[in-house]
Amino acid sequence: MSKKNQSDPVALRVATFNVSMDASNYLSDDALAEQGAQALAQALDDNHPQIRAVAEIIQHTRPDVLVLNEFDYLPAEQGINRFQEEFLGVSQNGESPIHYPYVFLAPVNTGQPSPFDLNRDGKATGLADDAWGYGWYPGQYGMVVLSRYPIDQIASRTFRDFKWRDMPGALRPLLPESHEPWYSDAAWAEFPLSSKSHWDVVIDVKGKLLHVLVSHPTPPVFDGEENRNGRRNYDEIRFWADYITPGQGEYIYDDQGQPGGLDADSRFVIAGDLNASTEGNDNVPGAIDLLLKHPAVQAEPIPSSQGGLEHSPANDHGPFHTASWRKRADYVLPSEAGIHVIDAGVFWPASDQPKADLVNSRSSSSDHRLVWIDIQLR
């Protein structure tokens with residue numbers, strides 16, 4: 001019998017899924033600020049059908065490493081642990097249960113109140129777009145990483161507190177007529193770049209390290225001519241482009257004060273709802289191309305689906321859409337170094353395919369689709 005060699009390639013599936021498990025999916029707008037993330041705890045109590053459908057999709061696609069966006073931040077025992085035990089760990093509609101023994105969970109900036117009038121409406125409420133990241137309560141639109149392989153919690157890094165002003169050439173929003181700064185100097189001095197957070201989650205896959213680079217940039221809309229959200233979205237994406245470029249990320253510091261970006265030739269996957277597309281005029285031009293055209297990133301094959309094609313048959317980009325609002329917004333982008341891509345796809349069945357009912361609407365599961373890549377680590 002041959003001995004296992006640590007240099008042998010290892011295959012695994014990495015996926016991202018914006019699961020729409022924030023309170024706005026379970027509560028009226030009037031109740032958001034009052035109940036906050038406890039709405040997710042209540043929905044788990046209620047065995048909510050939307051959560052069962054999300055679990056069924058995960059059980060069906062069976063990722064080895066899974067990034068969840070819009071999973072409200074709660075202490076693990078109230079949130080992600082219960083989701084694992086009571087939903088992923090229980091067969092959904094005949095699918096096999098699945099368990100992830102390793103979890104990465106950390107706070108996010110959404111809903112964290114600022115003391116400033118960030119939207120310039122004359123009131124500093126600390127809520128919604130007066131929070132450091134848009135949200136009605138702390139932890140709205142949170143993130144989680146689940147893994148079948150060990151996560152190195154010490155080597156993993158978070159960048160939640162990195163200040164936008166510390167990015168060279170930061171796209172500080174300006175008033176459209178006077179071109180004076182939109183945010184006051186006092187607000188700008190404290191303004192975090194990340195609307196949620198940026199994470200470098202280090203996973204040990206049978207002796208091979210994989211950096212899963214997780215974020216959820218703010219949507220580049222819901223603002224005005226100053227384009228404050230579009231500019232932040234661009235720089236949140238540029239953060240990763242600089243982080244993976246040797247010598248370019250020296251200005252970056254993590255929440256422990258450690259400086260610098262990723263070492264050259266590191267294996268990585270950039271994963272999450274990046275709220276950026278090559279279609280339309282919502283984003284600052286070139287935002288997603290910072291990654292898709294980066295020499296360290298494998299931009300192909302592009303994950304696709306029959307459901308996306310059916311949803312937008314006249315759109316050449318339709319097969320590659322990852323959201324019901326007809327955009328490719330969610331990405332799993334592997335490094336050129338150390339990774340061979342086997343296959344890629346979007347879980348979006350066409351209407352005549354099994355499980356199409358799981359993606360009928362946001363209330364069925366989510367307005368986003370799970371995106372996966374099968375890769376071989378070398």
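- Using a 4.0 Å cut-off between charged side-chain N and carboxylate O, D282 and K327 make a salt bridge.
- Remark: Q42 pairs with D46 by the side-chain hydrogen bond (donor to acceptor under 3.5 Å, both in side chains) rule, at least two apart or across chains.
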Problem set entry | Derivation and outcome, side-chain hydrogen bond (donor to acceptor under 3.5 Å, both in side chains), residues N109 and S194 | CA-CA 7 Å; N109 285 324; S194 297; 5.1 Å; no
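- In this structure, V212 and F268 have side chains that are not in contact, with every pair of non-hydrogen atoms separated by 4.5 Å or more.
- Formation of a donor-acceptor pair under 3.5 Å by the D152 side chain with backbone atoms of V202 is not found in this model.
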Problem set entry | Stepwise side chain to side chain contact (heavy atoms under 4.5 Å, CB included) test for H99 and L88 | CA-CA 7 Å; H99 178 63; L88 295 182; over 6 Å; no
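- Of the charged side-chain nitrogens involved, none lies within less than 4.0 Å of a carboxylate oxygen, so that K206 and D8 do not count as a salt-bridged pair.
- Remark: D316 CG is loosely packed, at most 12 non-hydrogen atoms of other residues, nucleotides or ligands lying under 6.0 Å away.
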For this session: Walk me through it: do W240 and S215 pass the test side-chain hydrogen bond (donor to acceptor under 3.5 Å, both in side chains)?
Result: CA-CA 9 Å; W240 285 137; S215 62; 3.0 Å; yes
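- The aromatic rings of W188 and Y183 lie parallel to each other, with less than 30° between the two planes, well short of the 60° mark.
- Residues I270 and L12 are members of separate hydrophobic clusters, defined by side-chain heavy-atom contacts under 4.5 angstrom among Ile, Leu, Val, Met, Phe, Trp and Tyr.
- Between H368 and S324, the closest side-chain pair of non-hydrogen atoms is not below 4.5 Å.
- Closest approach of E70 and V19 over heavy atoms only: O-CG2, 3.7 Å.
- Residues S366 and S20 approach most closely at OG-OG, 3.1 Å, considering heavy atoms.
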Problem set entry | Trace of the side chain to side chain contact (heavy atoms under 4.5 Å, CB included) decision for S156 with F104 | CA-CA 9 Å; S156 297; F104 191 89; 3.7 Å; yes
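- Counting heavy atoms from C-beta outward, L146 and V65 have side chains that stay 4.5 Å or more apart.
- In this structure, E77 places its CD atom where more than 12 heavy-atom neighbours from other residues, nucleotides or ligands lie under 6.0 Å away.
- The minimum heavy-atom distance linking A53 with S364 is given by the pair CB-O, 3.0 Å.
- Under a hydrophobic-cluster definition in which Ile, Leu, Val, Met, Phe, Trp and Tyr are linked whenever side-chain heavy atoms come within less than 4.5 Å, directly or via other members, L118 and Y137 are assigned to different clusters.
- In this structure, R120 satisfies the cation-pi test against W182, with its NZ or CZ atom closer than 6.0 Å to the six-membered ring centre and inside 45 degrees of the ring normal.
- L292 is listed as a side-chain neighbour of D289, based on a closest heavy-atom distance under 4.5 Å.
- Both M21 and V67 are members of a single hydrophobic cluster when ILVMFWY side chains are connected at heavy-atom separations under 4.5 Å.
- Considering all non-hydrogen atoms of both residues, Q140 and D72 come closest at CA-OD1, 3.2 Å.
- Here T158 contributes atom OG1 and D254 contributes atom CG; the two are 6.5 Å apart, rounded to the nearest 0.5 Å.
- Minimum heavy-atom separation, N233 to A287: OD1-CB, 4.2 Å.
- The pair K355-E56 meets the salt-bridge criterion, with a side-chain N (NZ, NE, NH1 or NH2) lying under 4.0 Å from an Asp/Glu carboxylate O.
- A 4.5 Å side-chain heavy-atom check between R160 and V108 finds every atom pair outside the cut-off.
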For this session: For side chain to side chain contact (heavy atoms under 4.5 Å, CB included), just list the numbers for Q50 and Y26, CA-CA rounded to whole Å, side-chain angles, deciding distance to a tenth of an Å, and then say yes or no.
Result: CA-CA 10 Å; Q50 180 253 352; Y26 313 115; 2.6 Å; yes
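- Remark: the H321 side chain and the S304 side chain contain no N/O donor-acceptor pair separated by less than 3.5 Å.
- D265 pairs by the salt bridge (Lys or Arg N to Asp or Glu O under 4.0 Å) definition with nothing, not counting sequence neighbours.
- Heavy atoms of other residues, nucleotides or ligands lying less than 6.0 angstrom from NZ of K163 number more than 12.
- Note on ring orientation: taking the six-membered ring where Trp is involved, the planes of H311 and W348 are tilted (angle from 30° to 60°).
- With respect to H198, the ring-ring contact (aromatic ring centres under 6.0 Å, His included) criterion is satisfied by exactly one of F162, F239, W164: F239.
- In this structure the side chain of D204 never reaches within 4.5 angstrom of the side chain of Y149, judged on heavy atoms.
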Problem set entry | Test side-chain hydrogen bond (donor to acceptor under 3.5 Å, both in side chains) applied to S351 and E310, step by step | CA-CA 8 Å; S351 57; E310 181 185 59; 2.7 Å; yes
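- In this structure, the separation between CG on L32 and CG on D22 is 7.5 Å, given to the nearest 0.5 Å.
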Problem set entry | Full working for side chain to side chain contact (heavy atoms under 4.5 Å, CB included) between I339 and V269 | CA-CA 9 Å; I339 293 179; V269 174; 4.2 Å; yes
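- Crowding of D45 atom CG: a count of heavy atoms from other residues, nucleotides or ligands under 6.0 Å exceeding 12.
- When all heavy atoms of D166 and Y251 are compared, the pair lying nearest together is O-CD1, 3.5 Å.
- Within the model, atoms CD1 of I288 and CZ of R328 stand 7.5 Å from one another, a figure rounded to the nearest 0.5 Å.
- In this structure, L370 is not a member of the same hydrophobic cluster as L333, with clusters built from ILVMFWY side-chain heavy atoms closer than 4.5 Å.
- Here the CG-CD1 distance, from D64 to I375, works out to 9.0 Å after rounding to the nearest 0.5 Å.
- Taking 4.0 Å as the cut-off between side-chain N and carboxylate O, R228 and D129 count as a salt-bridged pair.
- Ring centers of F191 and W132: under 6.0 Å apart, within the cut-off.
- Residue H216 forms a side chain to side chain donor-acceptor pair (under 3.5 Å) with just one option from T16, T110, D273, D330, and that option is D273.
- A 4.5 Å side-chain heavy-atom check between Y100 and P63 finds at least one atom pair inside the cut-off.
- Ion pair R172/D185 flagged as a salt bridge, since at least one NZ, NE, NH1 or NH2 atom sits closer than 4.0 Å to an Asp/Glu carboxylate oxygen.
- Residues V14 and I302 do not share a hydrophobic cluster, clusters being chains of Ile/Leu/Val/Met/Phe/Trp/Tyr side chains in contact below 4.5 Å.
- Separation of atoms CG (L175) and CD (E226) is listed at 8.0 Å; rounding is to 0.5 Å.
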For this session: Output, in order, the C-alpha distance, side-chain angles, deciding distance and verdict of side-chain hydrogen bond (donor to acceptor under 3.5 Å, both in side chains) for Y253 and R157.
Result: CA-CA 10 Å; Y253 52 86; R157 306 172 74 190; over 6 Å; no
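- Electrostatic pairing of D235 and R232 does not count as a salt bridge here, judged by no charged N lying under 4.0 Å from a carboxylate O.
- Taken to the nearest 0.5 Å, the CD atom of E279 stands 4.5 Å off from the CG atom of N315.
- Within 6.0 Å of CH2 in W136 there are 12 or fewer heavy atoms belonging to other residues, nucleotides or ligands.
- Residues Y331 and V371 have side chains not in contact (no heavy-atom distance under 4.5 Å, counting atoms from C-beta outward).
- Remark: the backbone N or O of D263 is paired with a side-chain donor or acceptor of S266 at under 3.5 angstrom.
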